[in-house]
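Data block below; observations after.
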There are 2 protein chains.
Amino acid sequence: MSQTKKDNTEDKILEAAKTVFIKKGMDGSRMQEIADEAGINKALLHYYFRTKQKLFEAIFSRVFKQIFPDLTTFIRSELPIEKKLETFIEKYITLLMKNPFLPAFILKEIHRDPTFLAAVIKKNGINPTEVFAMLNNEMEAGRIRKMDPRELLMNILALSIFPVAARPLVQIMLFDNNKKEYTDFLERRKQTVKEFIFNSILIK
Amino acid sequence: MSQTKKDNTEDKILEAAKTVFIKKGMDGSRMQEIADEAGINKALLHYYFRTKQKLFEAIFSRVFKQIFPDLTTFIRSELPIEKKLETFIEKYITLLMKNPFLPAFILKEIHRDPTFLAAVIKKNGINPTEVFAMLNNEMEAGRIRKMDPRELLMNILALSIFPVAARPLVQIMLFDNNKKEYTDFLERRKQTVKEFIFNSILIK
DNA sequence: GAAAAGTTTAACCGAATGGTTAAATTCGAA
DNA sequence: TTCGAATTTAACCATTCGGTTAAACTTTTC
């Protein structure tokens, strides 16, 4: 089938668009640049995705969707809460270290068009019910301090995401712009964030 | 002097540019829109700030500069650490709640042009030495657990900034897009963040 | 081998945008 | 009142950019 060729090109476009959009955002990206990155020409780019808007929406959906399931699967496991948290934090920090532009991209775009964001969430059926159920469970069982699970989730996300998201700034201000030192710092954080969380929620 | 008129217009421009740039970023902003927002015309806008780039740099510097000093003055006070932290967190969350686009703006732009960021930091002599000195003091005195002060500062910032920065997303996902409920949640967080931090660092 | 789909080339269009210019007008200061 | 700076008006320019088109070519499929 022509499918092999077609699919291949479509993938190349999606890959390229993802790279460019995440790095430069919707406004800062150029269709020509995406075509170049994909190794094709502008005409063909428009042949596959009629408009920039459509292409962007495709990318945003994919990126957004991709971030969540990867990180929620382990929640269903039968591991103790300590292990679950450890895995979650480690995976999240690793993911963001590999995709340094991702947080700024998401943050910018959710402010630019919250309506579209809402649509994406609804369409993909993304919701954190499972996580809450799990946390509530632990509280009921008396293994962790009782609190609003939204607070706890927020804290975990904040502590994991912020240091990677704000890297360019923090690296300059607190690490003399030393890249290696900051990378090491983030590696260590996979541990310290966990400890920090436990210090605050564990019942001793 | 004509200064009154001149200064007034310049201020109007800076105010307008700040509003537009913070909301839409460098790429998404239009000189015409800034002129409109300032209640003047495009010719006059260019008469004051020759290029968009120059105007943007002026704004970025100001915004960046403005965020820090406001929040570090109280560190010099003789209040106990509990009170200092409380004030800091409360002020920071309040500031961001009033300027919801600020974190995304800063985050986007520090990734877009880290070089310029470094220049701004250096030029304005912004550095967190004082904060570290204070934290180290508390550790030496045995009032808080010993740890890398950069970790602690990072945690405070993360817990304060993230929930406000990611508001559009979190409000939809965890609060059914109920604005009032989320505002209340953030108000409560001024307390809970403090408690969360203390639970993890205080020596009991 | 012919039809169809994929791809390139290259030119083009129209709108938006940053920036300029010149002339006229307003206005504050001396 | 006069001079110079501030401001407006309005047209204009060059460039960029998203998007289109048509013709030619290549590749795949049947």
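Residue numbering restarts at 1 for every chain, and letters A, B, ... go by the order of the sequence lines.
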Side chain proximity check, Asn155(A) to Arg189(B), heavy atoms < 4.5 angstrom: yes
Using residues 165-175 of chain A as the side-chain source, report each donor-acceptor pair under 3.5 Å to any protein atom, sequence neighbours left out, with the distance given to one decimal.
{"residue": "Arg167(A)", "atom": "NE", "partner": "Gln171(A)", "partner atom": "OE1", "Å": "2.9"}
{"residue": "Arg167(A)", "atom": "NH2", "partner": "Gln171(A)", "partner atom": "OE1", "Å": "3.2"}
{"residue": "Arg167(A)", "atom": "NH2", "partner": "Lys179(A)", "partner atom": "O", "Å": "3.2"}
{"residue": "Arg167(A)", "atom": "NH2", "partner": "Thr183(A)", "partner atom": "OG1", "Å": "2.9"}
{"residue": "Gln171(A)", "atom": "NE2", "partner": "Asn177(A)", "partner atom": "OD1", "Å": "3.1"}

Using a cut-off of strictly less than 4.0 Å, decide whether Arg30(A) has a side-chain nitrogen or oxygen near OP1 or OP2 of dT16(D). no
Interatomic distance, Met26(B) CE vs dG18(C) C1' [rounded to whole Å]: 10 Å
Residues in salt bridge (Lys or Arg N to Asp or Glu O under 4.0 Å) with Lys98(B), at least two apart? none
Short side-chain N/O contact from Arg50(A) to OP1 or OP2 of dG19(D), under 4.0 Å: no
Given atom CG of Leu45(A) and atom P of dT20(D), what is their separation to the nearest angstrom? 12 Å
Which of residues 52-59 of chain B have a heavy atom under 4.0 Å from DNA chain C? Lys52(B)
From NZ of Lys12(B) over to P of dT7(D), roughly how many Å is that when rounded to an integer? 7 Å
Below 3.5 Å between N/O atoms, which protein atoms pair up with nucleotides 8-13 of chain C? Just atom names and distances, please.
{"residue": "dT8(C)", "atom": "OP2", "partner": "Asn41(A)", "partner atom": "OD1", "Å": "3.4"}

With a 4.0 Å cutoff (strictly under), does any side-chain N or O of Tyr47(A) reach OP1 or OP2 of dG6(C)? yes
Could you check how far CG of Asn8(A) sits from P of dT27(D), rounded to whole Å? 14 Å
Residues from residues 15-24 of chain A lying under 4.0 Å of DNA chain C - heavy atoms: none
My understanding is that only residues two or more places apart in sequence, or in another chain, count here; which of them pass side-chain contact (heavy atoms from CB on, under 4.5 Å) with Ala17(A)? Phe21(A), Ile34(A), Leu55(A), Ile59(A)
So the side-chain hydrogen bond (donor to acceptor under 3.5 Å, both in side chains) pairs with at least one residue in residues 114-123 of chain B (sequence neighbours excluded) are none
Mind checking what makes salt bridge (Lys or Arg N to Asp or Glu O under 4.0 Å) contact with Asp148(A), not counting sequence neighbours? Arg150(A)
d(OH, Tyr48(B); P, dA5(D)) in whole Å: 13 Å
Can you tell me if NZ on Lys190(A) sees more than 12 non-hydrogen neighbours from other groups inside 6.0 Å? yes
Is there a side-chain contact between Thr51(B) and the phosphate of dG18(C), meaning an N or O under 4.0 Å from OP1 or OP2? no
Partner set under salt bridge (Lys or Arg N to Asp or Glu O under 4.0 Å) for Glu181(B), not counting sequence neighbours: none
Rounded to whole Å, please give me the gap between CE in Met31(B) and P in dT17(C). 13 Å
Do you see a donor-acceptor pair shorter than 3.5 Å between the side chains of Lys83(A) and Ser77(A)? no
Hits for salt bridge (Lys or Arg N to Asp or Glu O under 4.0 Å) against Arg62(B), two or more places apart or cross-chain, chain-then-number order -> none
Nearest-Å distance, CZ (Phe49(A)) to P (dG18(D))? 16 Å
Could you list all the salt bridge (Lys or Arg N to Asp or Glu O under 4.0 Å) pairs where at least one residue sits in residues 24-44 of chain A, not counting sequence neighbours? Lys24(A)-Glu33(A)
Rounded to whole angstroms, how far apart are NE2 on His46(B) and C1' on dT9(D)? 15 Å
Do the side-chain N or O atoms of Thr9(B) get closer than 4.0 angstrom to the phosphate oxygens (OP1, OP2) of dT7(D)? yes
ring-ring contact (aromatic ring centres under 6.0 Å, His included) involving Phe116(B) - partner list, sequence neighbours excluded: Phe60(B)
